[in-house]
2 protein chains.
Amino acid sequence: METEQAVDALASLAQEHRLSIFRLLVQAGKEGLAAGAIAERLGVPPSSLSFHLAHLTRSGLISQERQSRTLIYRADYAAMNQLVAYLLENCCAGNACAVDLLVSQGACK
Amino acid sequence: METEQAVDALASLAQEHRLSIFRLLVQAGKEGLAAGAIAERLGVPPSSLSFHLAHLTRSGLISQERQSRTLIYRADYAAMNQLVAYLLENCCAGNACAVDLLVSQGACK
DNA sequence: ACCATATTTCTATAATTATCGAAACGTCGA
DNA sequence: TCGACGTTTCGATAATTATAGAAATATGGT
C-alpha cells in the first residue's frame, strides 16, 4: 500500500460517524448492511450518511452492491488488512511491535 | 483504547505531512529528531511544522523533550500499538486478520 | 546585557470537509 | 404507468483544518 492510499484510508476512518459505520459493517460480516439499516442505528440523516458511505467507498474500505431497491454495504477486510499492514510496517521498523502483543493476547481468533 | 482517542490518532495520521513526520520519527528510533531536522527533511516551513507536531503530540502519538535549545520529538510506539490494536479488534471480529498475514510474512522481526 | 539560534504562538486567510433539506434517480408492486 | 420506497446527488451553509509570515519565547554563548 502506498502512502497516498494510506492517507485516504486513514482519513476515512478519522471521523466519528465513518468509524462507527465501518465498525457496524465489520460486525455485520459478509451479509453486510443496507444504507437504511445503518442510518437507523446511527441516527444520521440519509444525505449525511450517504456522504460518509461515499467517502468510505472511494477509499476502498467498504463496497457497495445493489439488491433491488436497497444498497448493501460491506466492509472490505482485505483493504483494512492492507492499511493495518502499512501501519505496522511503518511503526515497527525494528522496534517493539503490536503484532507480538496481539498474538500473545490471542486477538483475532 | 476508546473510540474518541482512536479518531484523534487516526486524524493525526490522516495528513500527508503528519504521516511523513511520524514515519521519520519511527525510523529515527529512540534518538528522536529535532524539529529543525524534520523541517529540513520535509521542506515544511517552521510554523506549519509546529502546527503538525502539536497535533501529533496532542493525540499522544509522539512526545516532546527539550534538549537545551532544540526540541526533540520521538514516536510513541506504545500509542501506535494501541491504535493498531484498536483497529485489529474492530476489523477482525472473527474474520481473516492482518495479524496472521503479517506473522507469516515475518513482519516486525 | 546582548545577540544568535531553535522553535513556538499569534493572526489572518485559504482550503477542505461536514451537515442536511430538497430534488432527483432507480426499482418494485399494483 | 403510477405511486411508494430506498437511496443518492445537488446546493447552500457552517465548521474545521491547513498554511505560513511575523512576532514572541526560551536557551545558550560571548
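Naming convention: chains lettered A, B, ... in sequence-line order (proteins, then strands); numbering from 1 in each chain.
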Quick check: closest heavy atoms across B:G60 and B:D76, and the distance to 0.1 Å? O-CB, 3.5 Å
B:L49 CG to D:dT17 P, straight-line distance once rounded to whole Å: 19 Å
Identify whether any heavy atom of A:P46 sits under 4.0 Å from a base atom; if not, whether one sits that close to sugar-phosphate; answer base, sugar-phosphate or nothing. base
Looking at A:S63, is its backbone amide N or carbonyl O close enough to the side chain of A:R74 to form a donor-acceptor pair, meaning the two atoms are under 3.5 Å apart? no
In whole angstroms, how far is the P atom of D:dT7 from the CG atom of A:L33? 11 Å
Regarding B:A34, tell me which of base, sugar-phosphate or nothing describes its non-hydrogen contacts under 4.0 Å with the strands shown. sugar-phosphate
A:E16, CD: over 12 other non-hydrogen atoms inside 6.0 angstrom: no
Using a cut-off of less than 4.0 Å, is there contact between a side-chain N or O of A:S48 and OP1 or OP2 of C:dT19? no
Rounded off to whole Å, could you give me the CG-to-P distance for the B:L56 and D:dA18 pair? 10 Å
Does B:S47 have a side-chain nitrogen or oxygen under 4.0 Å from the phosphate oxygens OP1 or OP2 of D:dA20? no
Rounded to whole Å, please give me the gap between CD in B:Q64 and P in C:dA6. 17 Å
The correct set of residues in residues 65-74 of chain B placing a heavy atom under 4.0 Å from DNA chain D is B:R66, B:S68, B:R69
A side-chain contact here means heavy atoms from C-beta on lying under 4.5 Å apart; do B:I72 and B:E31 qualify? no
Within this structure, what is the CZ-to-P distance between B:F51 and C:dT16, rounded to whole angstrom? 14 Å
Is the phosphate of D:dT19, meaning OP1 or OP2, less than 4.0 Å from a side-chain N or O of B:Q15? yes
Can you see if the side chain of B:H52 gets near the phosphate of D:dT17 - specifically, an N or O under 4.0 Å from OP1 or OP2? no
Interatomic distance, A:L53 CG vs C:dA18 P [rounded to whole Å]: 13 Å
Enumerate the side chain to side chain donor-acceptor pair (under 3.5 Å) contacts for residues 42-62 of chain A, please, sequence neighbours excluded, ordered by first and then second residue. A:S12-A:H55, A:S12-A:S59, A:R18-A:H52
Please state how far atom NE2 in B:H55 lies from atom C1' in C:dT9, giving the value in whole angstrom units. 17 Å
Say whether, by atom type as modelled, one donor and one acceptor occur between the side chain of A:Y73 and the main chain of A:I38 under 3.5 angstrom. no
For A:E4, check side-chain hydrogen bond (donor to acceptor under 3.5 Å, both in side chains) against everything at least two apart and list the hits. none
Taking atom C1' of C:dT16 as reference, at what distance in whole Å does atom CG of A:L10 sit? 17 Å
